[in-house]
Each structure stands twice: as structure tokens, then as C-alpha cells.
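Okay, so here's the structure we're looking at.
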Protein chains: 2
Amino acid sequence: MIKLLIIDDHPLVIDGIKTMLKDESYLHIEAAAKTAKEALNILEAGIAVDIILLDINLPDMDGLRLCEIIRDMNKTVKILGLTYVNEAGIITQLIKKGANGYLLKNMEREELITAINQVMDGTIYLSKAANEKIIQQLQSLGLPQNNVPVLTRREKEILQLLSEGLTSQEIAGRLFLSSYTVDTHRKNMLQKFNVHNTQSLMNVVRELGIIA
Amino acid sequence: MIKLLIIDDHPLVIDGIKTMLKDESYLHIEAAAKTAKEALNILEAGIAVDIILLDINLPDMDGLRLCEIIRDMNKTVKILGLTYVNEAGIITQLIKKGANGYLLKNMEREELITAINQVMDGTIYLSKAANEKIIQQLQSLGLPQNNVPVLTRREKEILQLLSEGLTSQEIAGRLFLSSYTVDTHRKNMLQKFNVHNTQSLMNVVRELGIIA
DNA sequence: GAATAAATACCTAAAATCTGGTAGGCTGCA
DNA sequence: TGCAGCCTACCAGATTTTAGGTATTTATTC
């Protein structure tokens, strides 16, 4: 008997998973949580589960962060991430945070069951559709696979403010920097991704899941 | 007996809706389609349904367009739009295209049933959560309600290319225009939305659902 | 037929961005 | 201890964008 915990804020998804699994008698949905808080309460109460289906878009906490917290609490439970969109960045980060696999929410029933079984066997399950898209994304960006540019903390911070529509001067004011410095970071980011304006930069980093 | 057609490319959603409605004996799910093409086949085959639950994000066709087509075919069937995100623009467009209401996919079972009943009674059902967000969005943008700027065909075309990261000159080349003309359109759009750079413009139009 | 909206195009000046440099200080790690 | 990476800061020139105009042509609508 494999015990499951579903963490997803959409009742529709919870009901859908229940239906998909109802004929598999060895799979039992032990509990379902609609928020990160609820999920942590369940886990802290000592309810034992074997596998957690974790939605990455939760209302009260970043799913990546929750994955990390759960992994810190419990080294053996299997975590299977669920996402609507497949973004290279999100998924690689998810695995880094200790997840055992991910699924896209447009999965078929068979894929869900395969993923659960594979993860329980100790291997990592990566949704096929998502994998294909990741490779295609990297190629379309003209970036070498396994060599996605890494942004520094400061760069990400500036990127975030750029995405909100601030100018270099405004960002400089906000971060107590010289606008020269902000420009340098912007220049470096454009270079890293081989693009020539802010709009293109945004498209690339969104595709890669570097910012929301 | 109310007959339903579900159009959604996520098996999870279809199963979830089935579960939510399984205790309502007067509601019967007549058919489910995963693509616009499948849905049109079903409708053209003459299968009679009373209400259609229509996902706006389909793989093969824009949900708004499909809504329009269905409404052209059949003036009496009730159409209830389903979306993950609530964007003012999408939703107002949806109603314009002849939908009888919309629901967010994070709905509870009760809301789904209320929506179906209300739509069958002939009134338009607007998800409460979405409504609140729309009002809040319009306010946060400093725009008068009921007076969202309207973009012309050309402006939208240029907006699309801007979102892809093209410069004025590149857009001019692509559309066989003078770059002066492109600049004029850009200027007019910035003015319409009361923003001062392209990045902010993108944020506003995305919030309003004017472009994807 | 007049009025209105849309699309086109041009001009200029100011502001911002992009590109290619250089360089000092700090931190963590090997 | 030394080196690499990051953050900071500055300069200058080229390019692009923003903002203020004006103006003609082409539908569309009343």
C-alpha cells in the first residue's frame, strides 16, 4: 500500500487525481492540502506518507521553497512536482531542491501511475513532454545545453525590477547604487544571454524560468 | 436532465469535473473533448448538449475564437468559460464572444454547481474571485473602470512584435512601414496606458489580457 | 457629404539604452 | 596566499526610445 499526499490549491486537480487513481487499489490518498501551511501541518502531525504530489504554484508559498522544507524534514519521502507550464529553469531547480520527479498537469492517467511507480522504485521521473520542450527551448535560444547562463544574486534583483518596468535610474535609487552600476549589470546580462534589448532579455529569462 | 460537454485538454480537469458532479443526478456529462477540433466534431455530429464548459487555453485553437464559432453554430447552448488566470481582458472578451459566464479553475465544487444552475436559468455567472481581481487590477493601473483603452489592429500588431523583442526599425522592416510610423504607434500606446517605457506597457497589456 | 477614427509619415530634442572599455575592493575557496 | 567571481563605479560614443508636435490619406459611419 502506497500512501499519497496531494498538495494543490485547485479542488479540481485533487478530485481529478482521486478519480485517476481510484482503480489502483494499492494507491491510497492519505490526505490533501490546499496550501503550504496545511501541508506542513499534516506532515508535522506525523501522518506518514510515501509520496507527495506537489503543485508548484501555491497561493501562500513558492512550491520550490516548500519542496526544500519538506526535504529537510524528511529525507525518504518521494516528492513529485506538478506544474502547468514546463519551464527549463523551474524543473531543474525542482530536482535540485530534492524532488524525485515532475509531471505536467496535462498528463494522462497512465503517465501519472507510471510516474508514481517509477519514483517509488527510486528512480527520478521526468515528464517526457516537458523534457522535449526543455531541449527545444535551449536550442531555440541558441544556448549550449548544460550551459545555461547563471545569474548572480544582484543580477536577478535588477532583473526583477526591470521586469516591473523601472529604468536604470529608478533601480539605482531603489538599491542605493550608482546608475552606472545598474547599467553594468544590465550589460552583463544582455551579454550572458546574447540578446540586444531588455524585452528580449525578459523573454529569455521567462522561458528559462529564471523569473516569474 | 442537463447535458454537459467539457472541452479541456487536461484529463485531470475532465476527471475532476466528473467527480465534482457525480452526486448531482440531474447533471449528465454527455461528452468531453481535448481539442477544439474534437469539440467541433462532437457538436457537428448533432449531439445535443445544454451547457458547454470551455477551457480558454486549448492546444489547437484560441478558446475565445472557439467560443465565437460555437455561438455562431448554436444560439441557445450555454457556454461557461474556464480559465486558470483571471485577466480582465480575457474575461470581458469572453462575454463579448457570447459566453454566459466564466469560472476560475481553482473553484470549489459548490461554485461549479452554482454557476451551472445560474447559467441554465439564463443569467450570466461571473466568478466572484475573478471579479474582485478585475476591479483591483483596473484600480492599480490607475485606469477608470469601464474605460480600458482600446488598441487598434495595427497597434496590437506592433505590440506583438515588440513583445518578441524587436526594435522599431526591425518592426518597420517587417511590416513595410517607416520607422517613424512605428514610433508613432508606440508613442500612442504609451499615452493610452499612461506608461513611460516598453516594459511597463507590456506589463499593463498582459494584465489586461490584450496580448498573450 | 461631413465627421471621425485609423494609419501613415515627418521633425526635433531630451532621455535612456546599448556597447566596449577599465578598474578597485571584497569574499570565498582551493 | 592567491585566484576567481562578484559587486561596484566610471567614461564615451552610438543607437534607440520617449515625448512633443504637425499633417496627409484612407476608410467608416452618421
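Every chain is numbered from 1 and lettered A, B, ... according to where its sequence line falls, protein lines coming before strand lines.
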Between [X] and [N], does any side-chain N or O lie under 4.0 Å from OP1 or OP2?
X: B:Thr184; N: C:dA7; answer: no
X: B:Tyr180; N: C:dT8; answer: no
X: A:Arg154; N: D:dT8; answer: yes
X: B:Thr152; N: C:dA7; answer: yes
X: B:Thr198; N: D:dT18; answer: yes
X: A:Thr181; N: D:dT8; answer: no
X: B:Ser168; N: D:dT16; answer: no
X: B:Gln191; N: D:dA19; answer: no

What is the distance, rounded to the nearest whole Å, between atom [atom1] of [X] and atom [atom2] of [N]?
X: A:Lys156; N: D:dC6; atom1: NZ; atom2: P; value: 11 Å
X: B:Leu201; N: D:dT18; atom1: CG; atom2: P; value: 9 Å
X: A:Arg153; N: D:dC6; atom1: CZ; atom2: C1'; value: 9 Å
X: A:Asn188; N: D:dG5; atom1: CG; atom2: P; value: 13 Å
X: B:Leu190; N: C:dA16; atom1: CG; atom2: C1'; value: 13 Å
X: A:Glu157; N: D:dT8; atom1: CD; atom2: C1'; value: 14 Å

Inter-residue atom distance [X].[atom1] - [Y].[atom2], 0.5 Å rounding:
X: B:Thr198; Y: B:Leu190; atom1: OG1; atom2: CG; value: 6.0 Å
X: A:Gln199; Y: B:Met202; atom1: CD; atom2: CE; value: 5.0 Å
X: A:Leu80; Y: A:Ile7; atom1: CG; atom2: CD1; value: 11.5 Å
X: B:Asp9; Y: B:Glu38; atom1: CG; atom2: CD; value: 10.5 Å

For the side chain of [X], starting at C-beta, report the closest nucleotide among [options].
X: A:Asn197; options: D:dC11, D:dT8, C:dC18; value: C:dC18
X: B:His185; options: C:dA7, D:dT18, D:dC11; value: C:dA7
X: B:Thr167; options: D:dC7, D:dT16, C:dC18; value: D:dT16

Comparing B:Ser179 with B:Glu155, nearest DNA chain C nucleotide closer to 5' gives the residue B:Glu155

Per nearest nucleotide of DNA chain D, the residue lying toward the 5' end, B:Lys187 or B:Leu162, is B:Leu162

* Between A:Asn197 and B:Gly165, is there a donor-acceptor pair closer than 3.5 Å when you use the side chain of the first and the backbone of the second? -> yes

